[in-house]
**Q** 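Below are the structure tokens for one structure; questions will follow.
Note that these values count all heavy atoms, side chains included, but never hydrogens, waters or copies made by symmetry.
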Amino acid sequence: MKFVQHRGARAIQKHVDGELAFGREISSLRKLSGCTHFPKLLSVNLSTRDFTMLYAGVEVTRASVPGDWKAQMRRIHRTLRAAGIYHND
């Protein structure tokens with residue numbers, strides 16, 4: 001994963017090993033397109049399994065954690081569940 005510029009905006013470029021994992025990642029990003037708290041998918045290269053997404057947010061540290069973090073986590077969880085996305089880690 002690396003930071004890049006995409007049409008003047010800060011973005012993240014990521015490579016995913018394995019076709020299945022890559023397909024799941026792209027599918028999830030497409031399902032979450034336009035949802036609050038999730039990055040916008042900007043480009044996909046199927047042959048190299050690379051994609052670029054808009055950088056969304058600020059790294060969370062003790063100093064930057066928002067006061068409503070629990071409510072944000074609940075909204076994120078509801079969005080993922082509504083989209084049928086489950087992270088099994």
Side-chain angles (χ1 to χ4, degrees):
M1 183 172 68
K2 67 180 180 179
F3 289 103
V4 297
Q5 288 293 313
H6 183 85
R7 297 183 180 151
R10 190 170 188 199
I12 296 172
Q13 188 174 42
K14 185 176 177 184
H15 173 79
V16 179
D17 290 324
E19 288 182 43
L20 184 59
F22 178 75
R24 286 181 178 159
E25 184 111 20
I26 297 304
S27 175
S28 294
L29 286 168
R30 286 180 172 152
K31 286 179 183 179
L32 297 167
S33 177
C35 295
T36 305
H37 303 292
F38 295 95
K40 178 181 178 184
L41 186 62
L42 300 172
S43 65
V44 177
N45 185 323
L46 297 174
S47 62
T48 62
R49 291 192 307 274
D50 292 323
F51 65 92
T52 304
M53 59 187 165
L54 194 60
Y55 180 72
V58 179
E59 180 181 0
V60 177
T61 66
R62 288 191 185 274
S64 69
V65 67
D68 68 338
W69 69 269
K70 286 183 183 180
Q72 287 187 36
M73 289 299 297
R74 284 191 293 271
R75 285 193 300 273
I76 290 167
H77 185 256
R78 280 194 303 269
T79 301
L80 291 170
R81 190 174 55 219
I85 298 170
Y86 302 93
H87 197 289
N88 296 323
D89 283 355

**Q** Determine the minimum heavy-atom distance between G18 and R49, stating which atoms define it.
**A**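 The pair with the smallest heavy-atom distance is N-NE, 3.4 Å.
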
**Q** Q13: what forms a side chain to side chain donor-acceptor pair (under 3.5 Å) with it, not counting sequence neighbours?
**A**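 In terms of side chain to side chain donor-acceptor pair (under 3.5 Å), with neighbours along the sequence ignored, Q13 is linked to no residue.
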
**Q** The criterion is side chain to side chain donor-acceptor pair (under 3.5 Å); which residues satisfy it with K14, sequence neighbours excluded?
**A**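 Applying side chain to side chain donor-acceptor pair (under 3.5 Å) to K14 gives E25.
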
**Q** Only counting residues at least two apart or in another chain, list the ones meeting side chain to side chain contact (heavy atoms under 4.5 Å, CB included) with T79.
**A**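 Listed in chain order: L32, C35, F38.
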
**Q** Should we count CD of Q5 as having more than 12 external heavy atoms under 6.0 Å?
**A**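 For Q5, atom CD is crowded (more than 12 foreign heavy atoms under 6.0 Å).
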
**Q** List in chain and number order the residues that pass side chain to side chain contact (heavy atoms under 4.5 Å, CB included) with L46, two or more places apart in sequence or in another chain; answer none if no residue qualifies.
**A**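 Listed in chain order: F22, V44.
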
**Q** Check the hydrophobic clustering (I, L, V, M, F, W, Y; side-chain heavy atoms under 4.5 Å; chains of links allowed) and say if L29 and I12 are grouped together.
**A**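 Yes, it is one cluster - the side chains of L29 and I12 are joined through contacts under 4.5 Å.
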
**Q** Please list, chain by chain and in numerical order, all residues satisfying side chain to side chain donor-acceptor pair (under 3.5 Å) with S28, sequence neighbours excluded.
**A**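 S28 satisfies side chain to side chain donor-acceptor pair (under 3.5 Å) with no other residue.
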
**Q** Taking all non-hydrogen atoms of both residues, which atom of G84 and which atom of K31 are closest, and how far apart?
**A**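 Smallest heavy-atom distance, with atoms named: O-NZ, 4.4 Å.
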
**Q** Among Ile, Leu, Val, Met, Phe, Trp and Tyr joined by side-chain contacts under 4.5 Å, find the other residues sharing a cluster with Y86 and list them by chain and number.
**A**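 None, because no other hydrophobic side chain comes under 4.5 Å of this residue.
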
**Q** Output all residues satisfying side chain to side chain donor-acceptor pair (under 3.5 Å) with H15, sequence neighbours left out; order by chain, then residue number.
**A**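 If we apply the side chain to side chain donor-acceptor pair (under 3.5 Å) test to H15, skipping adjacent residues, the hits are D17, D50.
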
**Q** For H6 and L42, work out which heavy atoms get closest and say how close.
**A**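 Heavy atoms only, the tightest pair is CD2-CD1, 3.5 Å.
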
**Q** Which residue pairs pass the salt bridge (charged side-chain N to carboxylate O under 4.0 Å, His left out) test when at least one of the two sits in residues 64-87, sequence neighbours left out?
**A**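 Checked against salt bridge (charged side-chain N to carboxylate O under 4.0 Å, His left out) - neighbours excluded - the pairs reaching residues 64-87 are D68-R75.
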
**Q** Using side chain to side chain contact (heavy atoms under 4.5 Å, CB included) as the criterion, list what pairs up with A9, not counting sequence neighbours.
**A**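 Applying side chain to side chain contact (heavy atoms under 4.5 Å, CB included) to A9 gives L54.
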
**Q** Quick check for you: to the nearest 0.5 Å, what is the distance between T52 atom OG1 and R7 atom CZ?
**A**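 Going from the OG1 atom of T52 to the CZ atom of R7 covers 10.5 Å.
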
**Q** What ring-ring contact (aromatic ring centres under 6.0 Å, His included) pairs are there with at least one residue in residues 40-73, not counting sequence neighbours?
**A**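 Those involving residues 40-73 are F3-Y55.
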
**Q** Please name the pair of heavy atoms, one in P39 and one in A56, separated by the smallest distance, quoted to 0.1 Å.
**A**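 P39 and A56 have their closest heavy atoms at CA-CB, 3.9 Å.
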
**Q** Taking only residues two or more places apart in sequence or in another chain, which ones pass side chain to side chain contact (heavy atoms under 4.5 Å, CB included) with T61?
**A**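 Scan of T61 (side chain to side chain contact (heavy atoms under 4.5 Å, CB included), adjacent residues dropped) gives E59, A63, S64.
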
